[in-house]
Amino acid sequence: MFQSDVSEPDAIAALSDRVLARFPSLDTLVNNAGIMRNLNLNRDRDLTDVTREIDINLSGPVRMIQQFLPHLKTRSSALIVNVSSGLAFVPFPASPVYCATKAALHSFTQSLRAQLAGSNVTVVELAPPGVETPLFRGEFEELMKGQKGMDVAVLVQRAIAGIEAGRLEIRPGLSNVLKIMSRVAPGIIFRQLTAMSKLRPVANASAR
């Protein structure tokens with residue numbers, strides 16, 4: 001097993017050297033590394049820390065693809081899978097930076113697919129719903145009471161089935177609902193997610 005930090009460009013370059021030396025026939029890249037935090041932006045935050053999700057969730061996949069793409073293009077058939085989120089389509093206000101990174105990754109994936117059209121590299125986006133992982137039940141435990149996430153095994157099965165069926169955007173379960181609602185009733189679904197975030201109004205210090 002190889003360990004690396006997708007927020008560090010030098011680590012990505014080193015990872016590529018190690019992986020390709022051992023697996024020269026590599027033909028698939030799955031960008032799944034990510035973090036999701038419950039961030040109240042009304043509180044003071046370190047300027048470096050507040051962008052950690054951007055470094056990992058967005059800059060990480062962009063750099064990984066840039067690093068591995070020259071090799072993938074040498075294969076007869078290759079695959080890139082970018083893991084975004086159902087929250088790429090409608091944001092969950094409790095996680096503002098996370099949702100922004102996933103929306104950006106969705107957009108980036110569309111552009112990458114267009115640029116690689118006609119090549120040997122297929123670009124797939126997997127947008128999972130909430131999944132039963134430590135992340136889902138970690139700092140979001142209170143907000144997620146009464147909510148059940150998708151089983152990891154089910155997500156994997158649906159992802160593989162979607163790839164085998166040639167789907168370029170795979171949206172299992174609630175993610176598909178979020179995509180549809182973002183088009184037909186964006187205000188309604190956003191208000192529901194805002195209510196789930198349990199946001200509290202902040203008094204305006206300059207109010208008279």
Side-chain angles (χ1 to χ4, degrees), residues 1-7 12 15-16 18-20 22-23 25-37 53 56-65 67-69 71-72 75-92 95 98-99 101-110 112-113 116 120-141 143-144 146-182 193:
M1 181 175 69
F2 301 95
Q3 290 185 331
S4 185
D5 184 347
V6 296
S7 68
I12 291 174
L15 174 68
S16 174
R18 296 197 304 272
V19 169
L20 295 180
R22 184 168 177 182
F23 302 103
S25 61
L26 178 80
D27 61 7
T28 301
L29 172 64
V30 179
N31 285 305
N32 186 49
I35 60 171
M36 178 180 183
R37 297 188 294 169
E53 284 151 301
I56 296 171
N57 300 357
L58 179 58
S59 297
V62 172
R63 289 168 174 158
M64 286 286 288
I65 290 167
Q67 182 67 38
F68 281 89
L69 187 57
H71 168 79
L72 294 175
R75 312 307 301 161
S76 59
S77 178
L79 174 67
I80 295 173
V81 180
N82 287 336
V83 181
S84 62
S85 168
L87 298 177
F89 311 121
V90 184
F92 181 46
S95 299
Y98 171 85
C99 294
T101 64
K102 293 304 183 178
L105 184 59
H106 169 68
S107 173
F108 172 79
T109 302
Q110 290 179 308
L112 177 67
R113 186 182 299 124
L116 293 179
N120 61 316
V121 183
T122 300
V123 180
V124 171
E125 177 181 0
L126 171 61
V131 180
E132 286 294 340
T133 63
L135 183 151
F136 191 73
R137 294 300 174 191
E139 62 182 290
F140 295 91
E141 178 66 29
L143 297 180
M144 293 297 107
Q147 303 292 322
K148 181 172 177 57
M150 180 174 285
D151 184 81
V152 175
V154 173
L155 174 64
V156 172
Q157 291 169 0
R158 295 192 181 183
I160 293 174
I163 292 170
E164 291 178 341
R167 292 169 55 195
L168 299 179
E169 192 173 291
I170 303 169
R171 306 184 300 271
L174 183 59
S175 288
N176 196 47
V177 176
L178 289 172
K179 176 65 179 285
I180 294 171
M181 291 297 289
S182 72
L193 291 176

Atom of Asp5, atom of Ile12 and distance for their closest heavy-atom approach: O-CG1, 4.2 Å
Where is the tightest heavy-atom contact between Ile35 and Tyr98, given as atom of each residue plus distance? O-CD1, 3.1 Å
Look at the side chain of Arg18 and the backbone N and O of Gln3, then say whether any donor-acceptor pair between them is shorter than 3.5 Å. yes
Using modelled atom types and a 3.5 Å cut-off, is there a donor and acceptor pairing between side-chain atoms of Lys102 and backbone atoms of Val83? yes
Apply side-chain contact (heavy atoms from CB on, under 4.5 Å) to the pair Val30 and Leu126, showing each step before the final yes or no. CA-CA 10 Å; Val30 179; Leu126 171 61; over 6 Å; no
What I'd like to find out is whether the side chain of Val90 reaches to under 4.5 Å of the side chain of Met181, using heavy atoms alone. no
What distance do Ile65 atom CD1 and Arg63 atom CZ have between them, rounded to the nearest 0.5 Å? 12.5 Å
Is the closest side-chain heavy-atom distance between Leu105 and Asn31 below 4.5 Å? no
Donor-acceptor check, side chain of Asn120 to backbone of Arg75, threshold 3.5 angstrom: yes or no? yes
Which atom of Pro91 lies closest to which atom of Leu193, heavy atoms considered: O-CD1, 3.4 Å
I need the minimum non-hydrogen distance between Glu132 and Val152, along with the two atoms involved. O-CG2, 3.7 Å
Before you tell me yes or no, could you show the steps for Val177 and Leu174 under side-chain contact (heavy atoms from CB on, under 4.5 Å), namely the whole-Å CA-CA distance, both residues' side-chain angles and the distance that decides it to 0.1 Å? CA-CA 5 Å; Val177 176; Leu174 183 59; 3.9 Å; yes
Donor-acceptor check, side chain of His71 to backbone of Leu26, threshold 3.5 angstrom: yes or no? yes
For the residue pair Ala78 and Leu72, what are the closest heavy atoms and their distance? CB-O, 3.5 Å
Please check: side-chain N/O of Ser85 versus main-chain N/O of Ala127, any donor-acceptor pairing under 3.5 Å? no
Chi angles and distances behind the side-chain contact (heavy atoms from CB on, under 4.5 Å) call for Leu155, Met150: CA-CA 7 Å; Leu155 174 64; Met150 180 174 285; 4.0 Å; yes
Can you run down the side chain to side chain donor-acceptor pair (under 3.5 Å) pairs that involve residues 121-131, sequence neighbours left out, and say none if there aren't any? Ser84-Glu125, His106-Glu125
Rounded to the nearest 0.5 Å, how far apart are OG of Ser76 and CG of Asp27? 7.5 Å
Which heavy atom in Ser7 sits nearest to a heavy atom in Ile56, and how many Å separate them? CB-CG1, 4.0 Å
Would you please test Leu15 and Met64 for side-chain contact (heavy atoms from CB on, under 4.5 Å) and show each step? CA-CA 10 Å; Leu15 174 68; Met64 286 286 288; 4.1 Å; yes
